[in-house]
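Please read these numbers as outputs of a predicted model, since none were measured by experiment.
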Amino acid sequence: MSVFNVTVIGAGTMGNGIAHVFAQKGFKVVLVDVQQAQLDKALQTIGKNLDRMISKGSITDAEKEETLNNIVTDTKISTGVSKADLVVEAATENEELKLKIFAEIDASAPANAILASNTSSISITKIASATNRPNKVIGMHFMNPVPVMKLVEIINGYATDKEVTETIVALSKQLNKVPSVVNDYPGFIANKVLMPMINEAIYSLYEGIADVESIDTIMKLGMAHPMGPLQLADFIGLDVCLSIMNVLYKGYGNPKYAPCPLLVNMVTAKKLGVKSGEGFYVYTPGSKELLVSPRFL
């Protein structure tokens with residue numbers, strides 16, 4: 001199956017990263033978001049990331065210009081997907097919203113277009129049920145930051161055609177990514193393994209077994225993790241972590257996936273990590289110093 005025109009739905013952190021990597025590899029990209037200001041911000045972010053690549057000598061000024069020229073923006077899904085060979089949805093991790101978006105994409109995208117979701121936990125089979133082409137719906141879970149991280153977790157829905165899977169695997173390799181194919185069960189593999197580890201680290205803090213720095217240091221130095229689980233939770237967003245834990249808990253019905261009460265409380269208090277300026281650590285704009293939140297000292 002041939003893919004040349006790619007539409008990315010959602011111009012947030014993941015969406016602009018996905019648009020970036022496709023455009024850099026020569027694909028024609030339409031980046032869609034309901035807010036023009038978000039689209040403008042996304043293009044600025046992509047430009048800054050390309051400038052960083054130029055400073056490292058990995059691309060030229062001409063390649064930056066070509067990448068940006070490969071991206072156009074749209075504020076409507078209906079027109080944004082009208083010529084797409086592939087649509088990659090990268091909207092907020094909310095099941096109801098994704099189902100609504102996929103129904104709208106299905107109504108306007110060409111009949112042969114593949115519809116992919118960047119979801120990190122929501123069932124691809126459920127998402128596909130909102131369309132009239134469940135055989136052409138697949139998960140394409142990129143990792144953050146998209147231009148840097150190599151993995152693409154590819155998730156087959158119950159009805160996904162083998163040809164669609166093969167196309168997305170080949171496409172991921174074209175993007176210089178490493179595809180790994182999994183089946184559609186709550187959390188897939190990445191988050192089925194990662195999130196309980198993060199949740200257990202939060203439980204360890206909650207139960208007073210160790211403090212924030214000790215937990216992260218042990219996992220970094222003892223297990224060779226580049227980032228401790230509590231810092232990683234802040235980076236992902238504690239609201240996202242809670243949402244995924246709830247998906248696992250509901251999907252498997254196993255109490256081992258119950259989110260830690262401390263995680264629930266922090267999200268309720270809007271201490272979401274990097275995005276809110278405070279989680280397990282405090283984040284000050286312009287500072288790279290990692291300071292534990294006073295709440296945990």
Q: Please lay out, stage by stage, how D40 and Q36 fare under the test side-chain hydrogen bond (donor to acceptor under 3.5 Å, both in side chains).
A: CA-CA 6 Å; D40 294 340; Q36 184 60 50; 3.0 Å; yes
Q: Group every Ile, Leu, Val, Met, Phe, Trp and Tyr by side-chain heavy-atom contacts under 4.5 Å, then state whether L262 and V274 land in the same group.
A: yes
Q.
Applying a strict under-4.5 Å side-chain criterion to I, L, V, M, F, W and Y, I'd like to know whether I9 and L99 cluster together.
A. no
Q) If only atom types and distance count, is the side chain of K83 paired as donor or acceptor with the main-chain N or O of T7 below 3.5 Å? A) no
Q) Going by heavy atoms in the side chains, are V29 and N70 under 4.5 Å from each other? A) no
Q. In terms of hydrophobic clustering (I, L, V, M, F, W, Y; side-chain heavy atoms under 4.5 Å; direct or indirect links), are V182 and F142 co-clustered?
A. no
**Q.** Euclidean distance, I209 CD1 relative to S214 OG, rounded to 0.5 Å
**A.** 12.0 Å
Q. Which pair of heavy atoms, one from Y257 and one from P196, lies closest together, and at what distance?
A. CE2-CG, 3.7 Å
Q: Using a 4.5 Å cut-off on heavy atoms from C-beta on, say whether the side chain of I198 contacts that of I236.
A: yes
Q | Distance-minimising heavy-atom pair for P261 and Y203 | A | CD-OH, 3.7 Å
Q. Does the side chain of S293 pick up a donor-acceptor pair with the side chain of E278 at under 3.5 Å?
A. yes
Q) Do you see a donor-acceptor pair shorter than 3.5 Å between the side chains of E93 and T119? A) yes
Q: Using a 4.5 Å cut-off on heavy atoms from C-beta on, say whether the side chain of I124 contacts that of S117.
A: yes
**Q.** Q24-T67 side chain donor-acceptor pair, cut-off 3.5 Å
**A.** no
Q. Roughly how far, to the nearest 0.5 Å, is CG of L263 from CD1 of I202?
A. 4.5 Å
Q: Examine the side chains of N16 and T45 and answer whether a donor and an acceptor come within less than 3.5 Å of each other.
A: no
Q. Do the non-hydrogen side-chain atoms of H225 and M197 ever get within less than 4.5 Å of each other?
A. yes
**Q.** Test item: K177 side-chain N/O and M149 main-chain N/O as donor-acceptor pair under 3.5 Å
**A.** yes
Q) Going by distance alone, is a donor N or O of one side chain under 3.5 Å from an acceptor N or O of the other, for Y281 and D216? A) yes
Q | Within-4.5 Å side-chain heavy-atom neighbours: I59 and L50 | A | yes
Q: Looking only at non-hydrogen atoms, find the nearest pair between M140 and S172 and report the distance.
A: CE-OG, 3.6 Å
Q. Does L290 reach the side chain of Y283, with side-chain heavy atoms less than 4.5 Å apart?
A. yes
Q) So, D184 and T125: side-chain donor and acceptor under 3.5 Å apart, yes or no? A) yes
Q) Between I114 and I168, which heavy-atom pair has the shortest distance, and what is it? A) CG2-CD1, 4.1 Å
Q. Quick one: CD on E89 to CG on N118, what's the gap to the nearest 0.5 Å?
A. 7.0 Å
Q. Can you find a heavy atom in the side chain of F102 that is under 4.5 Å from one in the side chain of D106?
A. no
Q | Cluster check I155, I101: I/L/V/M/F/W/Y, side chain < 4.5 angstrom | A | yes
Q: Check whether any side-chain heavy atom of L232 sits under 4.5 Å from a side-chain heavy atom of L194, and report yes or no.
A: yes
(Q) If hydrophobic clusters are built by linking Ile, Leu, Val, Met, Phe, Trp and Tyr wherever their side-chain heavy atoms come under 4.5 Å apart, do V34 and V72 end up in the same one? (A) no
